[in-house]
Amino acid sequence: MSFDDDDKPPIEFVPHGDTEEIREANLALVEPSPGFDTAANFCCDIINKNSEVTVLDFTQQSVTVRFQIDGIWHGGPPMDRESGDFMLATIKQMAGMNFRERRQRQEGRFKTIYLRKGQKFKVVSQGVPTGERVALYLEIRKPSAESAEELGMRKKMREEIGALTADPEMKDILVVAVPGEGYTTAWRSIVGCADRLTRDFYVLQPVGKGDEEEIINVFPCEFDPAKGEDAMSPVPQLLLKQPDILAFEELPDGDLINRVIDMSIEKKIPLFTRQQGKHCVDGLLRLLAKGPDIKKFVDHLDTVIAMRVIRKLCTNCRIGFTPHPQLLQQLGLPPGRVAELFQPFVFKPGMLDDDEKEIEPCPECSGIGFKGRVGLFEKLNMTDPLRQAIAANPKNDYLQKVAKQQGHISMFMEGVVLIAKGITSVDELQRVLKS
């Protein structure tokens, strides 16, 4: 979205400053600047696109622009160097930075009010061999404790997890996700599925992790690695409270995993823990590569739950099409089951409609074709044949084959459900699973 001189962008700036007087003086200093309106337009564009990170690369001739939206980088139209310099000077001044400094690293902040909402920007600049790189971080307010339902987990899966955590004979649950792609969100949402009203639930976590918003009825218990403590250090004292379930952050090595499992078996306390990984089997194999007693671990494991995040199609501009029978076959969908699938409409400047009129980008997604993300969940139930397969041949392809024989619904098939519902596209699912 852009604005001309007669249609000023409806955005207000709240510059950096310790007092109202300083902030007003700072704003008065930049408002007459030739870069002020450019900065206003640019910040409006960032907010409209919901760009988490926007990067400006200054070279001698021009400024290239990139937007990170829903985890994907998109190129923006380049700016001429003069306009970019004036705009950057305005932004730096409002952020409390030295606009004349182009080599040393600087960091600052400012706020905006746009569309009757407040936004926070963090600005980081650093000189690079080709010129200067500047990153604007839009601090998008997101719920820190999204539920599994809000993230898109199927009702049946949520009910299965809830029933499992309410079972007195429950053993352990492993949560798998990719850092930077919902790693903490997956952990919190799946822990949130547990029966926390009738069972005392404690999370063992390093000092500082407790700054995050707490999960209702889940009690944090901290340890300090700087003092030589590990996740087991608080457990003896914690056991006096007779906890029903203990949750551990990612366990770093096989020895600690063994100690945690031994405690769980001896005290008959089920566990939650988490591990980095792309899907259930991948996360399981990564944890086993740390060297725990494999038989002991898998014998005491009930379920592995994995989550990836996948972009949602913009419902305002998505394009429906009749799928070819071969595509349905590749997706594992029976012929005639799904009459229409959807794909994104990706805007490109200069596109014309049937009447030869220039097409405007979709106002909902800014022409990207996707808006927002949803969780792509997978749940692997540990069975005796699968445990035996892990002991005999802990390789990804073999374990995937055995899991399928046991009725496991793969992450691919979970994604196909989202495709059939029109939530995402075939290409987007392929992108996520290959990444």
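No experiment lies behind these values; they were computed from the predicted model shown. In what follows, every heavy atom counts, from backbone to side chain, and hydrogens, waters and symmetry copies are set aside.
The closest donor-acceptor contact from the side chain of Asp253 to the backbone of Lys290 lies at 3.5 Å or more, if one exists at all. Between the Arg337 side chain and the Ala420 main chain, no donor and acceptor come within less than 3.5 Å of each other. For the pair Ser189 (side chain) and Thr185 (backbone), a donor-acceptor distance under 3.5 Å is present. Between the side chain of Arg23 and the backbone N or O of Gly17 there is at least one donor-acceptor pair closer than 3.5 Å.
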Could you walk me through whether Asp244 and Lys268 satisfy the salt bridge (charged side-chain N to carboxylate O under 4.0 Å, His left out) test, starting with their C-alpha distance in whole Å, then the side-chain angles of each, then the deciding distance to 0.1 Å, before giving a yes or no? CA-CA 9 Å; Asp244 293 303; Lys268 297 183 179 179; over 6 Å; no
Please determine whether side-chain hydrogen bond (donor to acceptor under 3.5 Å, both in side chains) holds for the pair Thr112 and Gln119, giving the CA-CA distance in whole Å, both sets of side-chain angles, and the decisive distance to 0.1 Å. CA-CA 5 Å; Thr112 56; Gln119 300 85 26; 2.7 Å; yes
Audit row: Lys171, Asp299, salt bridge (charged side-chain N to carboxylate O under 4.0 Å, His left out) steps and yes/no: CA-CA 9 Å; Lys171 295 181 180 179; Asp299 283 351; over 6 Å; no
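At least one cation-pi condition fails for Lys92 and Phe99: the charged atom is not both under 6.0 angstrom from the six-membered ring centre and inside a 45 degree cone around its axis. In this structure, Arg274 forms a cation-pi arrangement with Tyr183, its terminal cationic atom sitting closer than 6.0 Å to the ring centre and no more than 45° off the ring axis.
With rounding to the nearest 0.5 angstrom, the CD1 atom of Ile319 is 11.0 Å from the SG atom of Cys314. Put simply, CG on Leu239 and NZ on Lys267 are 6.0 Å apart, with the number rounded to the nearest 0.5 Å. Within the model, atoms CZ of Phe36 and CE of Met87 stand 13.0 Å from one another, a figure rounded to the nearest 0.5 Å. Interatomic distance, Phe219 CZ to Leu204 CG, rounded to the nearest 0.5 Å: 14.0 Å. With values rounded to the nearest 0.5 angstrom, Thr424 atom OG1 is found 9.0 Å from Leu376 atom CG.
Nearest approach of Pro344 to Leu313, heavy atoms of both residues: N-CD2, 3.5 Å. The shortest non-hydrogen separation linking Leu429 to Phe412 is CD2-O, 3.8 Å. Between Ile22 and His16, the closest heavy-atom pair is CG2-O, 4.4 Å. The nearest pair of heavy atoms linking Phe13 to Cys43 is CE2-SG, 3.9 Å.
Arg103 has no carboxylate O lying under 4.0 Å from a charged side-chain N of Glu101, or vice versa, which leaves the two without a salt bridge. Of the charged side-chain nitrogens involved, at least one lies within less than 4.0 Å of a carboxylate oxygen, so that Lys379 and Glu160 count as a salt-bridged pair. The pair Asp427-Arg431 does not count as a salt bridge, with every side-chain nitrogen at least 4.0 angstrom from each carboxylate oxygen.
With sequence neighbours excluded, no residue forms a ring-ring contact (aromatic ring centres under 6.0 Å, His included) with Phe377.
The stretch residues 306-321 participates, sequence neighbours left out, in these salt bridge (Lys or Arg N to Asp or Glu O under 4.0 Å) pairs: Glu181-Arg308, Arg311-Glu428.
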Per-pair distances, 0.1 Å, donor-acceptor, side chain in residues 391-402, under 3.5 Å, sequence neighbours excluded:
residue, atom, partner, partner atom, Å
Gln400, NE2, His279, ND1, 3.4

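Checked by atom type, the side-chain pair Asn381/Gln406 shows no donor-acceptor distance below 3.5 Å. Judged by distance alone, the side chains of Asn48 and Tyr114 do bring a donor and an acceptor atom under 3.5 Å apart. At a cut-off of 3.5 Å, with distance as the only test, a side-chain donor of His408 or Glu378 sits close to an acceptor on the other residue.
In this structure, Phe121 and Phe110 have parallel ring planes: the angle between them is below the 30° cut-off, well short of the 60° mark.
You'll find the side chain of Met97 reaches within 4.5 Å of the side chain of Ser125, heavy atoms only. Side-chain contact between Val123 and Met94: absent, with no pair of heavy atoms (C-beta onward) separated by less than 4.5 Å.
Exactly one residue among Leu164, Ile161, Leu380, Val176 makes a side chain to side chain contact (heavy atoms under 4.5 Å, CB included) with Ile305. That residue is Ile161.
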